[in-house]
Asker: 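The following block contains the structure, expressed as C-alpha cells.
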Amino acid sequence: MARILSLREAVAELVHDGDTVALEGFTHLIPVAAGHEIIRQGRKDLTLIRMTPDIVYDQMIGAGCARKLIFSWGGNPGVGSLHRFRDAIQNSWPVPLEIEEHSHAGMANRYAAGASGLPFAVLRGYTGTDLPAQTETIKPIECPFTGERLTAVPAVNPDVGIIHAQRADRAGNVQMWGITGVQKETVLASARSLATVEEIVDELEPVPGAVVLPQWAVTAVAEVPRGAHPSYAQGYYERDNSYYQEWDPIGRDRERFEQWLATEVRGAERSAR
Amino acid sequence: MARILSLREAVAELVHDGDTVALEGFTHLIPVAAGHEIIRQGRKDLTLIRMTPDIVYDQMIGAGCARKLIFSWGGNPGVGSLHRFRDAIQNSWPVPLEIEEHSHAGMANRYAAGASGLPFAVLRGYTGTDLPAQTETIKPIECPFTGERLTAVPAVNPDVGIIHAQRADRAGNVQMWGITGVQKETVLASARSLATVEEIVDELEPVPGAVVLPQWAVTAVAEVPRGAHPSYAQGYYERDNSYYQEWDPIGRDRERFEQWLATEVRGAERSAR
Amino acid sequence: MSLEFTSDEMMTVGAARSLEDGAKCFVGIGLPSTAANLARRTHAPNLVLIYESGTLGAKPDRLPLSIGDGVLADTADSVISVPEIFNYWLQPGRIDIGFLGGAQVDKFGNINTTVIGGDYSNPKVRLPGAGGAPEIAASCREVLIVMRMSPRSFVDRVDFVTSLGYGTGKGDREELGLRGKGPVKVITDLGVLRPDPDTCELTLTELSPGSTVEQAKEAAGWDLKVSDDLGTQDPPSENELEVLRALKATV
Amino acid sequence: MSLEFTSDEMMTVGAARSLEDGAKCFVGIGLPSTAANLARRTHAPNLVLIYESGTLGAKPDRLPLSIGDGVLADTADSVISVPEIFNYWLQPGRIDIGFLGGAQVDKFGNINTTVIGGDYSNPKVRLPGAGGAPEIAASCREVLIVMRMSPRSFVDRVDFVTSLGYGTGKGDREELGLRGKGPVKVITDLGVLRPDPDTCELTLTELSPGSTVEQAKEAAGWDLKVSDDLGTQDPPSENELEVLRALKATV
C-alpha cells in the first residue's frame with residue numbers, strides 16, 4: 001500500500017507546516033535529500049526530532065524550518081559544533097528554536113514506545129543527572145512489584161517519519177541493512193512515513209542482517225539515488241568525510257550559509273526524478 | 001566465553017533442583033533433547049517457564065521435574081490436551097503442580113523486561129479478562145504523562161535459560177534463523193544459559209534473518225543433532241507431525257507414559273556425545 | 001447448479017469471504033488459517049497473513065500445520081521476534097482483523113479458552129489457556145470468531161473470560177479503553193451471528209444454506225435473537241470449493 | 001632505549017592498557033576508539049568492542065571514523081537496533097567498561113557535555129549533549145574517562161551533570177541505585193587520576209613520563225590531591241607505538 005512517489009510529491013503531500021517530523025538514520029542512511037526537499041519546499045514551524053541532529057538538521061534549522069528540536073546529541077561528528085543550531089538557540093536566528101533534550105537511551109525508548117502504541121517507556125536512565133530538571137518529559141516511575149524507582153519518558157509519535165533505505169520493491173516493501181539504528185521504530189511510531197531509497201527493484205533479494213518494512217507499514221517510497229549523501233549507504237557508497245569537514249566554515253558564517261542554501265538547495269533540483 | 005560441553009555435562013552443571021528454568025522455542029527449535037536430559041538427571045522442584053508448554057513440558061511434568069509452571073498456552077498443537085499436565089494440576093500426579101498463567105503478550109514482555117534489566121514491563125494487555133484475578137503477577141499501572149491506565153507484568157529472570165539453535169562456532173557464538181521466537185530474550189534474561197545446536201562449525205556464515213548470540217552472552221553450548229525433534233530445525237529437518245499425534249495416547253495413560261519414560265528417556269543415551 | 005458441501009466447508013468459505021482484499025489479518029491455526037489461505041487464493045490475493053510466531057506477510061503454498069510452520073518463515077516478507085510481533089505490530093492497532101475460536105463463546109462475544117466448570121484452581125476441564133487471544137481480541141480493529149454451534153459452546157456467560165468481547169454489553173469496551181471494535185461477526189456451521197447495534201448481544205443475521213432458525217436456537221445456550229431481516233449465506237461456489245479442497249489436500 | 005612520543009600517544013596507550021583482554025567495552029568515537037583498537041592489536045586480542053550504533057563485537061581493520069562506520073557493521077558478530085543496544089545490552093549491566101570523554105569533568109568524576117557557562121537556556125557554550133553517556137556512566141561495570149587536563153576542563157564542579165560520576169561524593173551512586181561502579185580511572189595527558197577509596201575524590205595516582213606533580217596541579221581546577229604512593233606510567237613500548245601509529249595512518 002506504500003505509494004511510489006517522486007521526492008517532491010512525497011514531501012509536498014506528507015510534510016505540512018507545523019508538523020512534528022523525525023528524520024532518522026544513525027550515522028548510516030541519513031535521509032539528507034529528503035531534508036533538503038523540506039527546505040526547498042519552504043516548510044516552517046516544524047518540530048524536528050532526531051537522536052543525532054547533524055549537518056542536515058543544521059541546514060534545516062538554518063533555513064528556518066524548525067521551531068523546536070527534540071534530540072539527544074547534536075554535533076558535526078568528528079568535526080565539532082553545529083553553528084546554525086547554536087545560532088538559533090543563542091541568537092534566535094533565523095527564528096527562535098526551542099529544545100527538548102534527552103539521552104540516546106531515552107530517545108530510543110521514546111521511539112520504541114511510539115512504535116508499540118504505548119504512551120510511555122520505562123528505563124534505567126538519567127539518574128543523578130541534571131537533565132530531568134530541564135526536560136519535562138522525564139519523570140520518575142515506581143515498579144508496582146518491587147517498589148523500585150525508575151524513569152519514564154513519553155512516547156514520540158511524529159506526524160511524519162522519514163528514513164533512507166537501500167532498496168524497495170515496486171509494491172513498496174522497504175529493505176535496509178548494515179546499521180539500521182532506530183529507523184524501524186521511527187516509521188512505526190509515525191502517523192505517516194516516507195522512505196527514500198537508493199533504488200527500486202523488481203524483487204528484494206534477502207540480505208543477512210536486513211530489516212524489511214512491509215509496504216502496508218509505509219506511506220510513501222521515493223527513489224533518490226545518493227539520497228543519504230554525505231552519509232553513506234552500505235553496499236552503495238561510502239561516507240563523504242570531506243563534506244563534513246567542509247561544512248564547518250559554511251555553517252559558521254550566516255552569509256556563506258545563505259549562499260550555500262541558494263545555490264546547493266533552493267537552486268538545485270536533486271529531487272527531479 | 002561460552003564453554004562447549006556435552007549435553008550431560010551442561011545440564012549437570014547448569015540445572016539444579018529447585019531452579020527456575022525456561023526452555024523456549026516457538027514451535028520451531030524447541031530444546032527437546034535438553035528437556036529429556038533434565039528428566040534423565042532426575043531434576044525436581046523446578047519452576048518451569050515456557051510460553052507454549054507442549055509435549056516436552058508434558059513429559060517433564062509427568063516425570064515429576066516441576067513444582068510450578070509459568071505459561072501462556074499449554075497444549076499439544078493441532079492434537080489436543082496435555083494429559084500429564086492435566087493429571088498434575090487436577091490430581092497432583094506424580095507431584096502437585098502450581099500454575100501461573102499469562103497471555104503470550106504478557107510472557108513475551110516479561111522476557112523482554114528480564115533481558116533489559118528492568119523489574120517490569122508495561123503493555124496493553126489482559127484488560128477486561130478474568131486473568132488478573134487469578135494471577136498475582138498482573139497489575140495496573142498509570143502513565144505518568146497521560147494518566148492512562150495500562151498493565152504491568154514483572155520481569156522473568158530464570159536461573160537457567162535453554163534454547164536450541166542451528167549452529168554455533170567453536171568460540172561458542174550461536175546462530176539461529178527462521179522463527180526465532182523469544183529465544184534471544186530467554187538467554188539474555190537468564191543468569192545462566194545453554195544453547196544446544198545442530199552442529200558446531202568453524203565459521204558462522206551469515207544467513208538472512210539470522211539472530212546471533214555472541215559467545216560472551218551464552219554460558220554453554222552443546223552439540224545435539226536433532227536436538228529439537230519432534231519439532232523442527234529450519235534447514236536441517238522437518239517437524240515430525242506423527243510424533244505429536246502418537247504422543248496423545250501415551251500421555252493419556254500413566255502406565256504407558258511410565259513405560260515410555262523408562263525406555264525412551266531414562267534408558268536412552270541421546271546425550272552421549 | 002447445486003453442489004454438495006459440508007457445514008464445515010460452508011463455515012470456512014463464510015469466514016474466508018469476511019476477509020477483504022488487502023486486509024492485515026492475524027491468523028490462528030486451524031479453521032482461521034484455512035479460511036485466510038482460501039481467501040488469498042480466491043477474492044483476496046493481497047490479504048496480509050500475520051502469525052503470532054513472528055511471520056509478517058506469509059504466503060504459504062500449502063496449509064501450515066502450526067502457527068510456527070517453516071513454510072511461514074520461508075515465504076514471509078519479514079520474520080521478527082515474538083516480543084516484536086505483539087508490541088510493534090499487534091498492540092498499536094495495525095492489524096485489521098483478528099481471527100479467534102475457542103471452547104466457549106457467550107452472547108456478548110466473550111471467549112473462554114481457559115477452564116470449564118468447577119473453579120479456576122479446580123476446574124472440570126483445563127483448556128490450553130490464553131495464548132495470543134486476549135490481546136488479539138483487544139487490539140485488532142475487528143475480530144472474527146469461527147466456531148461450531150452447540151449449547152455447550154455457545155453459552156449465556158462464559159465460565160472464564162479469556163478474551164473480551166463486549167463484556168456485559170454495550171459500552172464496556174469503550175469504558176475499558178480498548179481500541180478495537182470487538183467481535184463483528186461469529187461464523188458458525190449453522191449461520192452467522194452479529195452483535196446487535198443497540199445491545200451488542202449476538203444475534204442471528206444469516207443462516208447457512210439448509211439450516212433453520214430452530215436449529216440455530218437449539219444450538220445456542222441462551223435465547224438467541226434473530227434479526228428482522230434474516231439472510232441466507234450464498235453456498236460455496238464451485239471455485240471456492242475446488243480451491244478449499246485442494247488446500248486441504250496439501251496437509 | 002628511549003622512544004619519542006607525544007603526550008596524546010601516552011594517553012592513548014595508557015587508556016589501551018586499562019582494557020583487560022576479553023572485556024566487553026562500550027566504545028565512543030575518537031580517543032576511546034583508538035585506544036580500544038590499539039588494545040585489541042596488542043595485549044587484548046579478545047577485547048569485545050561494542051558501539052552504540054548497534055554493532056556487537058566489531059573487529060575493524062582500520063580506525064572507524066564514526067560510531068556508525070560501515071566497517072563496524074561489516075566486521076561485527078551481530079548488528080542490532082539502537083533500542084536493543086541500550087535496552088538488552090547496556091542497561092542490564094552486561095558491559096564491563098564504558099569509555100567516556102567530555103568537555104568538563106569534576107573532582108567527583110561527573111561529566112559535562114551539555115552546556116558551559118550562563119544557564120541552561122542561555123549558555124555561554126552549547127555542547128552536543130548527552131548521547132549515550134548518561135546510561136553508559138550508570139550501567140557499565142566500570143567507567144574510564146579519557147581527557148586532556150586543563151583548569152577549564154578539570155573543574156571543581158561541572159556546570160551541568162550530563163553523566164554521573166560520584167555525584168557529591170562517596171555513597172551517592174549507591175543511594176541512587178546505580179549498579180555500575182562509576183569512573184575507576186581518569187586517563188589524562190599528564191597522568192592518571194583515581195577516586196580516593198574513602199571520599200571518591202579524584203586523586204593523582206600516576207604521572208605520565210616527564211610530567212610533574214606541579215604541572216598536574218596547575219592543570220586541575222581544584223586543589224588536586226596526590227596519592228601517597230604516586231607512580232609513573234611506563235612509557236609506550238616500541239610495539240605499542242608502532243601499532244598505534246599504523247592505526248592512525250589508516251584514517
Side-chain angles (χ1 to χ4, degrees), chain A residues 70 100 102 105-106 108-110 112-127 132 135-157 166-167 173 175-178 180 185 203-212 214 234-235, chain B residues 100 102 105-106 108-110 112-127 132 135-157 166-167 173 175-178 180 184-185 203-212 214 234-235:
Chain A
I70 302 175
E100 180 179 324
H102 278 267
N109 276 290
R110 297 186 69 185
S116 300
L118 291 175
F120 71 105
V122 178
L123 72 156
R124 296 183 183 279
Y126 305 98
T127 312
T135 304
E136 280 173 23
T137 46
I138 302 171
K139 289 198 176 176
I141 190 166
E142 206 174 84
C143 172
F145 302 98
T146 65
E148 198 182 346
R149 204 178 158 99
L150 298 126
T151 301
V153 287
V156 284
N157 289 105
Q166 278 99 339
R167 301 196 294 216
N173 296 293
Q175 186 190 42
M176 57 186 159
W177 63 88
T180 55
E185 288 76 12
E203 190 144 355
L204 297 176
E205 211 181 294
V207 173
V211 168
V212 172
Q234 194 133 359
Chain B
E100 180 180 324
H102 279 265
N109 275 292
R110 297 186 69 185
S116 301
L118 291 176
F120 71 105
V122 177
L123 72 155
R124 296 184 185 278
Y126 305 99
T127 313
T135 303
E136 281 172 23
T137 47
I138 302 170
K139 289 198 177 176
I141 190 167
E142 206 174 84
C143 172
F145 301 98
T146 64
E148 197 182 348
R149 204 179 157 99
L150 298 126
T151 302
V153 288
V156 284
N157 289 105
Q166 277 99 339
R167 302 196 293 216
N173 296 294
Q175 187 190 42
M176 57 187 159
W177 64 89
T180 55
K184 179 187 268 193
E185 288 76 13
E203 190 143 355
L204 297 176
E205 209 181 296
V207 173
V211 167
V212 172
Q234 194 134 355

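Owing to the predicted nature of the structure, the values given are computational and were not obtained by experimental measurement. The figures here come from the full heavy-atom set of this structure, side chains too, leaving out hydrogens, waters and symmetry mates. A note on names: the letters A, B, ... follow the listed sequences, proteins ahead of strands, and every chain is numbered from 1.
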Asker: Looking at A:Cys143, A:Pro206, A:Gly209, which makes the most heavy-atom pairs under 4.5 Å with chain B?
Answerer: A:Cys143

Asker: With chain B as the partner, which of A:Arg124, A:Glu148, A:Glu142 has the greatest number of non-hydrogen pairs under 4.5 Å?
Answerer: A:Arg124

Asker: With a 4.5 angstrom heavy-atom cut-off, could you sort out which part of A:Ala152 is near chain B: side chain, backbone, both or neither?
Answerer: both

Asker: If you take all heavy atoms of A:Lys139 and B:Phe145, which pair is closest and at what distance?
Answerer: CG-CE2, 3.6 Å

Asker: Sort out for me which of A:Val211, A:Val207, A:Val212 touches chain B most, counting heavy-atom pairs under 4.5 Å.
Answerer: A:Val207

Asker: Tabulate below the donor-acceptor pairs under 3.5 Å that side-chain atoms of residues 114-122 of chain A make, not counting sequence neighbours, or state none.
Answerer:
residue  : atom : partner  : partner atom : Å
A:Ser116 : OG   : A:Ala112 : O            : 2.8

Asker: Quick one: list whatever passes side-chain hydrogen bond (donor to acceptor under 3.5 Å, both in side chains) with A:Glu100, sequence neighbours left out.
Answerer: A:Lys68, A:Arg110, A:Thr137

Asker: Checking heavy atoms, do the side chain of A:Val153, its backbone, both or neither come under 4.5 Å from chain B?
Answerer: backbone

